[in-house]
2 protein chains.
Amino acid sequence: MHFTPTNIEDLPTPCCLIDKAKMQRNIARLSAHIGNLQCTLRPHVKTHKSIEVTKAIIDAGNVKGITVSTLKEADYFFKHGMNDILYAVGITPNKIAHVAQLIQQGCDLTIVIDNEDMLSLVLDKMAEHNCVFKVIIELDTDGHRSGVNPHSHALLSIAKHINNSAHAKFEGVMTHAGESYACFTEKAKQNMAAQERDLTLHAVKRLFEVGIHCNTVSIGSTPTAFAVDQLDGITEVRAGVYVFFDLVMAGLGVCDIDDIAMSVLGTVIGHQKDKGWVITDAGWMAMSRDRGTADHPQDYGYGLVSPSGSHEARYIMSDANQEHGIITEVSNASPESHSEKHIDSSLNSSAENNDSIFTQFPAAKAIEILPNHACATAAQYDHYYVVENGVAIDKWLSIGGW
Amino acid sequence: MHFTPTNIEDLPTPCCLIDKAKMQRNIARLSAHIGNLQCTLRPHVKTHKSIEVTKAIIDAGNVKGITVSTLKEADYFFKHGMNDILYAVGITPNKIAHVAQLIQQGCDLTIVIDNEDMLSLVLDKMAEHNCVFKVIIELDTDGHRSGVNPHSHALLSIAKHINNSAHAKFEGVMTHAGESYACFTEKAKQNMAAQERDLTLHAVKRLFEVGIHCNTVSIGSTPTAFAVDQLDGITEVRAGVYVFFDLVMAGLGVCDIDDIAMSVLGTVIGHQKDKGWVITDAGWMAMSRDRGTADHPQDYGYGLVSPSGSHEARYIMSDANQEHGIITEVSNASPESHSEKHIDSSLNSSAENNDSIFTQFPAAKAIEILPNHACATAAQYDHYYVVENGVAIDKWLSIGGW
């Protein structure tokens, strides 16, 4: 697709920007880390749902295949040349016909299950199709959401049940330590990464002892992928949000604020001077409703505003309506201070501060806002502007829905 | 578009359902109320972004034109036959070329402004186009977000400035009492509705006294639209979410739970029996990240699950990941009790309750989940399934983005 390079100030607002150099730096960082541990990546494309971002990840090396969160993503990425795809949400009978269609078209698609009840139901559906379904068992290694207990009898019985079917083939195990999003220290992330890996390897060992081999041993989340220091026995690591990072990841110490490659570009609509408010045309539709830093020591509201390229936590989107954002100044807070919550503090802002915010953000000014959660923000858009040195050099499409 | 009627259980999940009878009942209710007050509606299409829903509103009568929240909505609805369109977000210079294009195509589009700085900037841009821009001044009648103070000198000077321009024509005033979303009693809603109306009429009077006539006097929000009891001097009322309603509106007492016409259909993926969790394939991508009931007396988490058509507040989506929802039982709570918060109470649920939730929601069961905020949930989809008597009878497309 031809795109005429455009200065950021001339883009329609709100829109979503990707800083290409930062994205490539983030991609290279995890690729190198996993490569150093002699393992491979299966990036989760749910974060961006973009073939161009996926190609950038593949170009950096150490990539085995991709992970998707919807069958629509599987359709899209298969159509664009990806073949080895893991659909990482527990399968249901009403999706088997769709999966069969992809397999019959030549897609090397693997599906996920974590319970016997569902297995029986999907095996019935599988029998209606003339193909073999590769199935991975999801493990619960952190009590976060889905998965079978690695110590349970169910693990073994589900694996045997899969292998005894004419329509399914047992492929291995996977887990996602989503509880790593509550790990604020290096030690906590390292412990969670070790737990995610070791409980998975324990399940592999138990299956091996009853004669069942795991081709695939798949673990990962962005925080644990960076924290893990040894991957023997693991065949692949999954992570998604690391390509862009966001304020949640910065809050967890997985990246610096300056590593965040995604921002929302908005325009100042006006001022409510008595309240210290700057109103923008980027509201929650542009940022998403995600308030992922709400329970962090530093709460950024709906996003961190970055005037003149600075990333200090001085101005945040403290509230949002559908197509309106309210930018306020964080009162007297050291950006490094994590000792108390800082949000909605505009009522305390002095006249001097008010002058400052209105000078910083005059009417019609274009402003960049860093998101709490890149996956949620990205999902509000069907395209990104790719920025290099302050100029949008390309427009990348993305998909949504199911 | 041809659509083969489909039983709900055979729809792909997650998907978004509209109960047609409830939607029509909601539409008729506001149409009758505003008609009884001898006024007209300018429905806000941002809630649904669907031409079919808009046609249903128009069919019910008393409709003057539509309100949009993006210029993409203006493009879409103009292309589908709507002519009288109010773009209700403060205009910025980078949108004037787009507005001019619509006006030159014959669209009767009105734009909104609330400050002199922006007016000067957009007048410069308007001069580049060969058309006259109809401009409404936004009033701040509740301290909610944008708008000029109805008592201020700025109101008069902005109106004069517009009328002195060769490129702009002053059309009138508008306001939105968004603070009505914090009005939990009938009295509070009535007071807010009266305040929204009376401060607007005060602005009209002040403008009249300096010789400036308002063609359009536009007010509204869903809670105040239903609460207002007299509309003399008001030319139109705007409201959006009333067509579907949602848990926030039910929490405010604007509707009953049974009036909510939008739901998300999900499928049970599995169970975490030790925690009392039912896992579904509808997560926050399907519901949106909106936690609009978080500060209500009854907090529904990410949504209220409605087993077997019952709407009692027994099961809620207490947590959500991108494509996973966690359904838990609200412990021992009377659905009528608003005396304390009820969320994330699964840890207290007894073995008996756990039996009950797993019996109610077995693997592969289709479940309907009512949303906190219909506008936010609708935005996660590009189509709705229209349901009559438990059967999807049609598929309506919607738009998103900017």
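Only this structure's heavy atoms are used, side chains among them; waters, hydrogens and symmetry mates stay out. Numbers restart at 1 for each chain; the letters A, B, ... are given by sequence-line order, proteins then strands.
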Q: Within the structure provided, determine whether A:Gln322 and B:Val89 are in side-chain contact (heavy-atom separation under 4.5 Å).
A: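 No - every pair of side-chain heavy atoms lies 4.5 Å or more apart.
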Q: Are side-chain heavy atoms of A:Met285 and B:Thr70 found at a separation under 4.5 Å?
A: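 No, side chains not in contact.
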Q: Does any heavy atom of chain A fall under 4.5 Å from the side chain of B:Leu11, the backbone, both, or neither of them?
A: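 Backbone only.
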Q: Please state whether the side chain, the backbone, both or neither of A:Gln380 comes within less than 4.5 Å of a heavy atom of chain B.
A: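 For A:Gln380, heavy atoms of backbone and side chain both lie under 4.5 Å from chain B.
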Q: Spell out, as yes or no, whether a donor-acceptor pair under 3.5 Å connects the side chain of B:Asp114 to the backbone of A:Gln272.
A: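 Here the side-chain-to-backbone pair does not exist.
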Q: Determine the option with the most heavy-atom pairs under 4.5 angstrom with chain A, choosing from B:Gly400, B:Gly178, B:Ala376, B:Ser120.
A: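 Option with the top pair count is B:Ala376.
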Q: Do A:Val268 and B:Met118 come within less than 4.5 Å of each other through their side chains, counting heavy atoms only?
A: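 No, too far: nothing below the 4.5 Å cut-off.
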Q: Could you please spell out the steps behind the salt bridge (charged side-chain N to carboxylate O under 4.0 Å, His left out) verdict for B:Lys275 and A:Asp140?
A: CA-CA 12 Å; B:Lys275 304 194 191 77; A:Asp140 178 12; 3.6 Å; yes
Q: Contact part of A:Ser146 toward chain B, heavy-atom cut-off under 4.5 Å: side chain, backbone, both or neither?
A: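 It is both, since atoms from each part get that close.
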Q: Taking the side chain as every heavy atom from C-beta outward, state whether B:Asp319 and A:Arg145 have any atom pair closer than 4.5 Å.
A: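 With C-beta onward as the side chain, the pair stays apart.
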Q: Output yes when A:Asp290 and B:Arg291 qualify as a salt bridge under the 4.0 Å nitrogen-oxygen rule, no when they do not.
A: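 Salt bridge between A:Asp290 and B:Arg291, a charged N being under 4.0 Å from a carboxylate O: no.
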Q: So which residue, A:Gly270, A:Gly401, A:Ser69, ends up with the most heavy-atom pairs under 4.5 Å with chain B?
A: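 Max contact count across the listed options: A:Ser69.
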Q: Just verifying a value: how many Å separate A:Asp274 CG and B:Asn149 CG, rounded to the nearest 0.5 Å?
A: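 The CG atom of A:Asp274 sits 8.0 Å away from the CG atom of B:Asn149.
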Q: Between A:Glu323 and chain B, which part of the residue has a heavy atom less than 4.5 Å away: side chain, backbone, both or neither?
A: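 Backbone plus side chain of A:Glu323, per the 4.5 Å heavy-atom cut-off to chain B.
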Q: Between A:Ser288, A:Ala88, A:Gly292, A:Ala364, which has the largest tally of heavy atom pairs under 4.5 Å with chain B?
A: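 That would be A:Ala364.
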Q: If you count heavy-atom pairs under 4.5 Å between each of B:Gly143, B:Cys15, B:Pro93, B:Gly283 and chain A, which one has the most?
A: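 Between B:Gly143, B:Cys15, B:Pro93, B:Gly283, the count favours B:Gly143.
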Q: Between B:Asn321 and A:His144, does a side-chain hydrogen bond (donor to acceptor under 3.5 Å, both in side chains) hold up when you go through it step by step?
A: CA-CA 10 Å; B:Asn321 298 147; A:His144 181 62; 3.3 Å; yes
Q: Can any side-chain N or O of B:Asn115 pair as donor or acceptor with the backbone N or O of A:Ile269 at less than 3.5 Å?
A: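 Yes, because the side chain of B:Asn115 sits within donor-acceptor range (under 3.5 Å) of the backbone of A:Ile269.
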Q: What do you reckon, are the aromatic ring centroids of A:Trp284 and B:His373 less than 6.0 Å apart?
A: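 Between A:Trp284 and B:His373, the centre distance is under 6.0 Å.
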Q: With a 4.5 Å limit on heavy-atom distance, are the side chains of A:Asn94 and B:Glu9 in contact?
A: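 No, side chains not in contact.
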Q: Side chain, backbone, both or neither: which part of A:Lys125 has an atom under 4.5 Å from a heavy atom of chain B?
A: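 No part of it gets close to chain B.
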Q: Can you tell me which of B:Ile279, B:Val148, B:Ile113, B:Asp10 forms the most heavy-atom pairs within a distance under 4.5 Å of chain A?
A: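 Most heavy-atom pairs within the cutoff with chain A belong to B:Ile279.
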Q: Examine whether an atom of A:Ala286 lies under 4.5 Å from a heavy atom of chain B, and if so say whether it belongs to the side chain, the backbone or both; otherwise answer neither.
A: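 It is both, since atoms from each part get that close.
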Q: Is there a side-chain contact between A:Trp402 and B:Pro12 (heavy atoms, below 4.5 Å)?
A: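 No, too far: nothing below the 4.5 Å cut-off.
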Q: Flag the pair B:Lys95 / A:Asp281 as yes when at least one side-chain heavy-atom distance between them is below 4.5 Å, and no otherwise.
A: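 They are in side-chain contact.
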Q: For A:Pro14, which atoms come within 4.5 Å of any heavy atom of chain B: side chain, backbone, both, or neither?
A: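 Contact with chain B is through both the backbone and side chain of A:Pro14.
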